[in-house]
Amino acid sequence: MLQRRGWLGGPKPPKNPHSLEHLKYLHHVLTKNQTVTESNKSLIVEALRSMAEILIWGDQNDSSVFEFYLEKNMFLFFLNILEQNSGNYVCVQLLQTLNILFENLQHETSLYYLLSNNHINEVICHKFDFSDEEVMAYYISFLKTLSLRLNEHTIHFFYNEHTDDFALYTEAIKFFNHPESMVRIAVRTLTLNVYKGKNINDGAMLRFIRDKTAAPYFSNLVWFIAEHVREVDNCVHNNANHQHRDRLRDLVAEHLDHMHYLNDIVTLENELLNEVLIHHLLQRLFLPLYVRSLADGAPGDDTDCPFVSSVVALFLLSQVFLILHHKPLVHQLAEVIFNRNLDSLSLNGEGTPVEQADILQQPESLEKLLSSTKKGKKHKRRPNYRNIDDERSSPEVEAITSLDVLPKGAASGLVDKVLLFLSDKPDVQLNNSFIDSSPKSSTTPADRIKTRPFLDTIYSALNCTGNDYSALFALCFLYAILHNKGISTELKKIVELGLVGEDEGCESYCHWLIERLLRIVSKSVKPENKVRLATLRLTSILLKKVGVRDNQCVLLDEHLASVERCRAEGMQNLQKFLKEEEMFLDIFEDEYRLLQSKPLNVEYLMMDSSLLLPPTVTPLTGIEFSKRLPCGPTEQARQLIGIFFTLRDLSLFLCKESETQLPLTREQDCIQTNDKLDLNNSDLIACTVSSKESKQRRFLVVELYQLILVEPDSKRLGWGVVKFAGFLQDVEVSSDTDDSRTLHVIIHKPSGLRRVPILAANFIFDDHIRILRCMAAKQRLTKGRMRARHLKTGRIAVLLGLP
Amino acid sequence: MSYAYLFKYIIIGDTGVGKSCLLLQFTDKRFQPVHDLTIGVEFGARMITIDGRQIKLQIWDTAGQESFRSITRSYYRGAAGALLVYDITRRDTFNHLTTWLEDARQHSSSNMVIMLIGNKSDLEARREVKKEEGEAFAREHGLIFMETSAKTAANVEEAFINTAKEIYEKIQEGVFDINNEQFLSSYAVLIHPCNSLK
């Protein structure tokens, strides 16, 4: 309405909003309304909005539009509006207009027009009201959109080589730890788009990033990850009753996000930058916190300790090695874990001592660090967190405001505690639970490991004393190392072959490791065992990996014999359940299907934060069966069945035999829909199959294992075409109380525990002896079901070695 | 402006299916869809009313960032709803739905509401994917389904609002429990009660 009337008697807006005239009109409106007031606010907002529309139309249809825009230097209107601090309503529109422009312009020249005169950087540096979530969201989207347009030509509009200014990047990273996840994601996207810039091939820009921003940004990033990791640790220790599982899940997911972000950066192979990042990661995060905690991990109640418990460290390191495969990083990290001791950690790459306390020392805020690189420059506009509304004091917001440097006293207090803690600690290196009872495994590796406290922690976790809580992580860790592409085969050999030393090559595999793995296996088949299925499966995967080389099993006979012994023991345990457990067949087949369709994926396994909580029995936690212990006899049967399959598979694999007995029914042996059958000698019962969807005439055939519905084959006499086939073992049949010629038939999907019907229908028999037919059919189905189940149970008995 | 809840959405699907246009069409009605102009945007917010309560929707387009695993991962986790979009005139965009859906299910909260959208329903003559196929896919995977056109604005409003209704129902049913602080922590980023009533 307002638009049509024009403004203060000025020209009316042209009828066609997509024309040069319309831009001229907007120019007029904005010229007349240089000052934003309450009364002209809406008009200005509408003018800014239409501007986006007309400029994009011009970009696609009429070059004179952009020429006019440039001639009148219309970007100045935007800046003028910003200068006035005209309120968030107008700012949001302005940012949206810019967003739309940079998202939609197709012609490079139009883009250059918009970017020229350094105006864009003024908008980037403008101090918006970031406490308004909407302004924040539009602003960060604006920066992200710009970063998507970076290329070798546009980079010069953003990065000024002479003044060493790259506002787009430096302003964005100040929000790297913003409480709002979408904002953090946008910042990460932007940084990745910039680092990808090696394609832009602007050496000066990359040098700027490395020399002026990399250290500040990465030191802050790494520090916050460390803080985060300590939070994970806290949450684990205050969570013995699983009451904060959602919180823990989020924290662990966030750690994974961090690791994936780091991986996304290093895989861009921007070597200049990676060097700095890897240095920070190793020297300020992975070595002093993760690795150090392996040996020094506090029991958890010591809140002053800068480290996390060794179990949490092991869990996090497994994630690191599962996700990051960048050679220069993972190799160094693995090298320290495998070959070094605590002394080596006090030295950094250059041989200067690194204070453990350093990891608690928060780096200067990005705000400060970035501005100090530009001494003598005036920075009147810069967004920062301090204008975030302080009243909203969620914990996240507090974390943000602490981007500002800690008060001096507070920081030094922490440092003192750390020093105290360190001096308290007895010589950890000798503190090892590493006494091998088995005489077979030579003591030499054990001796050597004494000087390898980190490896010691991992290997002693494999002892699986009490429960398998930390053993599972140790297994994951070894798995991750062996599958990591960035770790040299030499280091992997330490795992595979034992420690390489003077007697190198004497042993074809690491007896010591194999014996630990076998011990887990043998524990799993003991009554009252505390080994979860996931642990056993992973143990089996590792045994396969270490025990088989070049397609040859390299295990000693006695080790193979031990596998067989455990397998036999597992079978024996299972035998009694075959008779006692009513649902045995269903559970058996269901477990098998599950194992085939969802083989253990270690990466997914390690995404599950519930593993960090003490292993539990109760299904009420919602924890997947394989990640907890069985509850009640039925689940015990299920557990034993799972063990049976795992060990059977392991044994067959090591003996290079293939599975011939499982599954009990192979799909290729079954009758399928659309098969054509010769039914000349079969019993056929005619009936009408009536379900919700349809009503059809069919012939019912009861085979050995299957119920089949056919219709006559029009081409061959006596043959039928299969319209439906289901397993008799899954049939439920009942008579209709009112109608003696009708049977209710339900056939469940073969997935045992979840009862989903694949067919639910009434079978109606209506020939002259229909009642008899109906009874015959019922009997045949009931008997067929029993026979099918009996036959299969018999085959299981054979598998379990029962007579 | 005050609101009772804030829902965050993401839009996913192959490039060129019209995600950013849908987004702009929904969040800013002042942009009238016109024949010779295609405009889209990567972010937008809008207030809607469900059950007499003000709800703010924030919609984030994830275009151009698919190559970074860390980014897709976190996007999924931060959203209460997702619009999975394909182009009814391009069979390949429909064929890729399974991959998108796997990704979404892998990374998102199991409660995330996903709506399947067949976009460009105005281009009937060039249709390659039947409406029934979209419906069948949605049924099979438990999604809500709708065909839309960012060009004519057909069903755009409904697509976004129905998704919001579904989320709102989940809150009412207690699936998203916003009062239980322990549970809230995980969804605090998705839904938070308004604390800025003015």
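The model shown is predicted, which means the values in this text are computed figures rather than measured ones. In what follows, chains carry the letters A, B, and so on, assigned in the order in which the sequence lines appear, proteins first and then strands, with residues in each chain numbered from 1.
Ser141(A) has its side chain within reach of Trp60(B): a pair of non-hydrogen atoms, C-beta onward, lies under 4.5 Å apart. Residues Arg30(B) and Glu46(A) meet the side-chain proximity criterion, which asks for heavy atoms closer than 4.5 Å.
Taking 4.0 Å as the cut-off between side-chain N and carboxylate O, Lys56(B) and Glu134(A) count as a salt-bridged pair. Contact check on Glu603(A) versus Arg69(B) returns a salt bridge, with a Lys/Arg side-chain nitrogen under 4.0 Å from an Asp/Glu carboxylate oxygen. Salt bridge absent: Asp28(B) and Arg49(A) never bring a charged side-chain N and a carboxylate O closer than 4.0 Å. Of the charged side-chain nitrogens involved, at least one lies within less than 4.0 Å of a carboxylate oxygen, so that Glu180(A) and Lys8(B) count as a salt-bridged pair.
Distance CG/Asn263(A) to CZ/Phe68(B): 11.5 Å, rounded to 0.5 Å. To the nearest 0.5 Å, atom OH of residue Tyr138(A) and atom CD of residue Gln58(B) are 8.5 Å apart. A distance of 5.0 Å separates CG of Leu192(A) from CD1 of Ile71(B), quoted to the nearest 0.5 Å. Here the OG-CG distance, from Ser67(B) to Leu268(A), works out to 8.0 Å after rounding to the nearest 0.5 Å.
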Derivation and outcome, side chain to side chain contact (heavy atoms under 4.5 Å, CB included), residues Ser74(B) and Arg184(A): CA-CA 9 Å; Ser74(B) 1; Arg184(A) 293 199 301 272; over 6 Å; no
Step-by-step side chain to side chain contact (heavy atoms under 4.5 Å, CB included) determination, Met182(A) to Phe43(B): CA-CA 11 Å; Met182(A) 290 296 184; Phe43(B) 170 79; over 6 Å; no
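Of all heavy-atom pairs between Thr38(B) and Gln60(A), the closest is O-NE2, 3.8 Å. The minimum heavy-atom distance linking Gln96(A) with Leu24(B) is given by the pair NE2-CD1, 3.7 Å. Annotation for Gly78(B) and Ser181(A): closest pair CA-OG, 4.3 Å, computed over non-hydrogen atoms. Nearest heavy-atom pair, Gly40(B) versus Glu103(A), reported as atom, atom and distance to 0.1 Å: O-CG, 3.6 Å.
Using a 3.5 Å distance cut-off with no hydrogens or angles, the side chains of Ser70(B) and Asp264(A) do pair a donor with an acceptor.
Contact count versus chain B (heavy atoms, under 4.5 Å) is highest, among Met259(A), Gln93(A), His258(A), for Gln93(A). In terms of non-hydrogen atom pairs under 4.5 Å with chain B, the most contact-rich of Asn104(A), Ile140(A), Leu256(A), Asn99(A) is Asn104(A). Comparing Ile10(B), Val41(B), Asp61(B), Ile39(B) by heavy-atom pairs within less than 4.5 Å of chain A, the highest count is held by Ile39(B).
Under a cut-off of 6.0 angstrom, the local environment of CZ in Arg126(B) is sparse, with at most 12 non-hydrogen atoms contributed by other residues, nucleotides or ligands.
No side-chain donor-acceptor contact under 3.5 Å links Asp257(A) to the backbone of Arg73(B).
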